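Since this is a predicted model, take the numbers as computed values, not measurements. Every heavy atom of this structure was used, including side-chain atoms; hydrogens, water molecules and symmetry mates were not.
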Amino acid sequence: MGPDVGPADGPGDHYFSARPASADERRTLAVHLAGRDLQVETAGGVFSPGRLDLGTEVLLRTVPDPPPSGDLLDLGCGWGPVTLTLALLSPDATVWAVDVNERALDLVRRNAARLGLTRVRAVTPDDVPDDVALAALWSNPPIRVGKAALHEMLLRWLPRLAPGADAHLVVQRNLGADSLQRWLADALASSTPPDGVPASFDVDRVASAKGFRVLRVARG
């Protein structure tokens, strides 16, 4: 497990655990997000608690600005760097921070409150209303949950893109970014969006840096 993956801080403790077993020792971290120097709160038992991980840094450096309004989703939010960036860049949008890790969700809520970001909704996957259509989705997805769980997660959320909307995912090259790109193109071609509107999805690589690929999924 490399430096850009949040370490397990206790027996059987992973950043994708619903209730981390490690001690909940909060710490303050200085980060640069959306062109601003910020202080945020992190803790063990979440993804990359000690710094902004390299994959997320690559994602945030290469994605276009998010839509100014609508529903935006950070899938696998951790302590919130992507969520906070979306909310800072698009203060009139509703930003959904989704994670199964309860500690991560608490950190996102606290960090959003610290920054006065009142339109952040940090929730578990089942708490996003079914009728929410996504104007954008940004994610550093939890590749280490395993291929089956990852595929299920992506096929749950990517078809919820609104017509004309894009998703951007960052994936480490040596953890299967290129094969994931091919799989997404095939799987989404046969998917049915929950809004019932016939759709086509284009999947392409829009950036490559520091061993990471940034993939774009565009709904036609």
Side-chain angles (χ1 to χ4, degrees), residues 34 55-77 81-99 119-121 123-143 145-173 175-209 212-220:
T56 298
E57 183 181 319
V58 169
L59 176 70
L60 296 179
R61 192 170 65 241
T62 56
V63 292
D65 286 346
S69 60
D71 290 284
L72 315 179
L73 179 73
D74 173 11
L75 181 58
C77 60
V82 171
T83 294
L84 300 176
T85 299
L86 286 167
L88 288 165
L89 293 175
S90 299
D92 293 327
T94 297
V95 181
W96 298 92
V98 171
D99 209 300
R119 297 182 64 88
V120 169
R121 308 287 183 263
V123 297
T124 61
D126 290 340
D127 289 327
V128 179
D130 292 339
D131 61 353
V132 168
L134 303 174
L137 183 158
W138 291 4
S139 180
N140 183 351
I143 299 297
V145 298
K147 185 178 293 187
L150 176 68
H151 287 180
E152 180 181 1
M153 178 189 310
L154 294 177
L155 284 183
R156 176 176 184 175
W157 294 103
L158 291 173
R160 296 183 64 167
L161 289 169
D166 293 343
H168 287 82
L169 315 172
V170 65
V171 182
Q172 203 164 345
R173 180 180 55 79
L175 291 181
D178 295 339
S179 61
L180 180 64
Q181 179 181 345
R182 293 189 295 269
W183 176 83
L184 280 171
D186 291 340
L188 289 170
S190 58
S191 68
T192 302
D195 60 16
V197 177
S200 61
F201 293 90
D202 292 325
V203 183
D204 57 349
R205 185 204 311 168
V206 293
S208 183
F212 289 87
R213 311 285 205 216
V214 178
L215 307 179
R216 179 181 61 195
V217 178
R219 178 176 174 179

Evaluation steps, salt bridge (Lys or Arg N to Asp or Glu O under 4.0 Å), between Arg219 and Asp195: CA-CA 13 Å; Arg219 178 176 174 179; Asp195 60 16; 2.9 Å; yes
Closest approach of [X] and [Y], non-hydrogen atoms and distance?
{"X": "Asp71", "Y": "Ala133", "answer": "CB-O, 3.7 Å"}
{"X": "Asp92", "Y": "Pro68", "answer": "CB-O, 3.6 Å"}
{"X": "Arg213", "Y": "Ser208", "answer": "NH1-OG, 2.8 Å"}
{"X": "Pro66", "Y": "Leu86", "answer": "CB-CD2, 3.7 Å"}
{"X": "Leu150", "Y": "Pro142", "answer": "CD1-O, 4.4 Å"}
{"X": "Phe201", "Y": "Ser191", "answer": "CE1-OG, 3.8 Å"}

Side chain proximity check, [X] to [Y], heavy atoms < 4.5 angstrom:
{"X": "Trp96", "Y": "Val123", "value": "yes"}
{"X": "Leu75", "Y": "Met153", "value": "yes"}
{"X": "Leu169", "Y": "Leu137", "value": "yes"}

Taking the side chain from [X] and the backbone from [Y], do they hold a donor-acceptor pair closer than 3.5 Å?
{"X": "Ser90", "Y": "Pro67", "answer": "yes"}
{"X": "Asp99", "Y": "Cys77", "answer": "yes"}
{"X": "Arg119", "Y": "Ala87", "answer": "no"}

Using the salt bridge (Lys or Arg N to Asp or Glu O under 4.0 Å) rule, take Arg205 and Asp178 through it: C-alpha gap first, then chi angles, then the decisive distance, then the call. CA-CA 9 Å; Arg205 185 204 311 168; Asp178 295 339; 3.6 Å; yes
Just how far is it from atom CG of Asp166 to atom CG of Leu134, taken to the nearest 0.5 Å? 12.0 Å
